[in-house]
Protein chains: 2
Amino acid sequence: MPQIPRPSARRLSLYLREVQLRLRDGAKRVSSKQLGEALGLADTQVRKDLHWCGPFGGSGVGYDAETLRDRLRSVMGLSRTWNVVLVGAGNIGRALVGYGRFESEGFRIVGIFDKSKSLVGRRLAGTTIRALADLPRIVEEHDARIGIIAVPRESSQEVADILVKAGVRGILNFAPARIDTGGVPVTNVDFSVALEQVAFEVTMSGARGEQP
Amino acid sequence: MPQIPRPSARRLSLYLREVQLRLRDGAKRVSSKQLGEALGLADTQVRKDLHWCGPFGGSGVGYDAETLRDRLRSVMGLSRTWNVVLVGAGNIGRALVGYGRFESEGFRIVGIFDKSKSLVGRRLAGTTIRALADLPRIVEEHDARIGIIAVPRESSQEVADILVKAGVRGILNFAPARIDTGGVPVTNVDFSVALEQVAFEVTMSGARGEQP
DNA sequence: TAGTGTGAAGTTGTTCACAGCA
DNA sequence: TGCTGTGAACAACTTCACACTA
């Protein structure tokens, strides 16, 4: 069985978002050309990517929007609900629980944890902030497979160790550091790197293309 | 003059971070091997990337850490201060101003803007939240070249138009939408896409490598 | 010896060109 | 005709192999 290349995988998320949007607007079908235009990609690229959903649909008239959505969800592992634990109730943690979009995409935050004694016991978006010591229990109780690290750099590795030991199978890391997880997949989101990227592009300006 | 490929550009940020860290720890020299290990990359890769800083330093003993930092900064356009305007004082906006790391990297938030009447006039991290109408003036006054979009999807394109019209030269977009800027470079950060990426990797688990 | 610099080879991802279907 | 599916050509990026230097 062939592996979906990472660049494609990233784009599949974008296709899914776009298809859902169009479904909400009442669309019944979507073509690779439409998707490409909406996302700034070549239509060929879109078709190649969508092929990971197993050749289907399309004939001379585009993809059936609902089927496409379902296939995308299923191929990306989004047809189940993912229970998620969040470590760090600081600025980023708060932004995340307030983000809203997660719920609708099938992610459920089942535990929020923080080191700080002054935060533990307080509530955040309806969930009580717990001490890190409770993390393994909550992970097990809810079979949480994903952990989010939203703590400062200094504690990020330590938190990663706790998460891995507790049994999470994937980590979303907002700390500006590479973390070592012994094989558990990590996706990094780093605000500074992103801003620096913008500065870089501005400096180089003119020459290169746009967004992914 | 050859263009720095985007993948390299992303990694340059990471090298810079790592070098700064090591400098703080008192290191005088850094080798490609050390950098590679710290970041999960092959040493060859590191050397190829660093070559964009112009062949220099290294001999049989690694790169001079200070020189490397300076070259990285300069090549990435970080030897100047970048004035930045932030649109959106919601959860993400607040997380960003509270992030702290920006200042030290040479980014200065010179204006925070929001549509909401109830937020305008309030202060956030020492800066008064202004109405969007003031944006062009502030951008001009401070020669702000970078804009950050931290508003909901629905208003993101509108905000982008305002920013572009005001003259910013690069945009960091946190809204879950592709925005059209007519050539102004955009870097996207999308929490949902990132989380979905994790779900995807977990689903595929085992097979693929780690982080960038 | 421990490390850089770099062409050449290899791999991966993207675009092109076109066959085929409704 | 409008669109999908896909091999083949192409471009981009990464890894390898090795010459070279302090």
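Since this is a predicted model, take the numbers as computed values, not measurements. The sequence lines fix the lettering, A, B, ..., with proteins before strands; numbering per chain opens at 1.
- Within a 6.0 Å sphere centred on CZ of B:R108, heavy atoms belonging to other residues, nucleotides or ligands number 12 at most.
- The distance between atom NZ of B:K33 and atom P of D:dT15, rounded to the nearest whole Å, is 17 Å.
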Audit row: A:F102, A:V84, side chain to side chain contact (heavy atoms under 4.5 Å, CB included) steps and yes/no: CA-CA 10 Å; A:F102 291 158; A:V84 177; over 6 Å; no
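- Atom CG of B:L35 and atom P of C:dA2 are 18 Å apart (whole Å).
- In A:E140, the CD atom is not crowded: 12 or fewer heavy atoms of neighbouring residues, nucleotides or ligands sit closer than 6.0 Å.
- The interatomic distance linking B:D43 (CG) with C:dT4 (P) rounds to 8 Å, in whole Å.
- With axes fitted over five pairs at each extremity, the angle between the ends of the helix from C:dT1-D:dA22 to C:dA22-D:dT1 is 10° (10° resolution).
- Residue pairs meeting the ring-ring contact (aromatic ring centres under 6.0 Å, His included) criterion with at least one partner in residues 143-192 of chain B, sequence neighbours excluded, are A:Y99-B:F191, A:F174-B:F191, A:F191-B:F174.
- Qualifying side-chain contact (heavy atoms from CB on, under 4.5 Å) partners for A:S79, counting only residues two or more places apart in sequence or in other chains: A:S74.
- For A:E103, there are no salt bridge (Lys or Arg N to Asp or Glu O under 4.0 Å) partners, not counting sequence neighbours.
- The CZ atom of B:R29 sits 17 Å away from the P atom of D:dT21 (whole-angstrom rounding).
- Comparing D:dT6, C:dG3, D:dT4 against the side chain of A:H51 picks out D:dT6 as the nearest.
- Look at CH2 on A:W52: it is 11 Å from C1' on C:dG13, rounded to the nearest Å.
- Taking atom CG on B:L41 and atom P on D:dC16, their separation rounds to 14 Å, with Å as the unit.
- Residue B:Y63 places at least one side-chain N or O closer than 4.0 Å to OP1 or OP2 of C:dG5.
- Remark: C1' of C:dT4 and OH of B:Y15 are 14 Å apart, rounded to the nearest angstrom.
- Looking only at distances, no side-chain donor or acceptor of B:R69 sits under 3.5 Å from a matching main-chain atom of B:L16.
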Salt bridge (charged side-chain N to carboxylate O under 4.0 Å, His left out) assessment of B:D180 paired with B:R178: CA-CA 7 Å; B:D180 192 354; B:R178 182 188 184 244; 5.2 Å; no
Between protein and nucleotides 19-22 of chain C, what N or O pairs are separated by less than 3.5 Å?
none

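- B:S32 pairs in a side chain to side chain donor-acceptor pair (under 3.5 Å) with only one of the listed residues (B:R47, B:Q45, B:K48), which is B:R47.
- Side-chain contact of B:E105 with A:S192: a donor-acceptor pair under 3.5 Å is absent, judged by distance alone.
- Minimum heavy-atom separation, A:L39 to A:E18: CD2-OE1, 4.3 Å.
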Dump the pairs, protein N or O against N or O of nucleotides 14-17 of chain C, anything under 3.5 Å, distances to one decimal.
residue, atom, partner, partner atom, Å
C:dT14, OP1, A:R11, NH1, 2.8
C:dT14, OP2, A:R11, NH2, 2.9
C:dT14, OP2, A:Q45, NE2, 3.3
C:dT14, O5', A:Q45, OE1, 3.4
C:dT15, OP2, A:Q45, OE1, 3.4
C:dT15, O4, A:K48, NZ, 2.8

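- Atom CZ in B:R6 sits about 15 Å away from atom C1' in C:dG13, given to the nearest Å.
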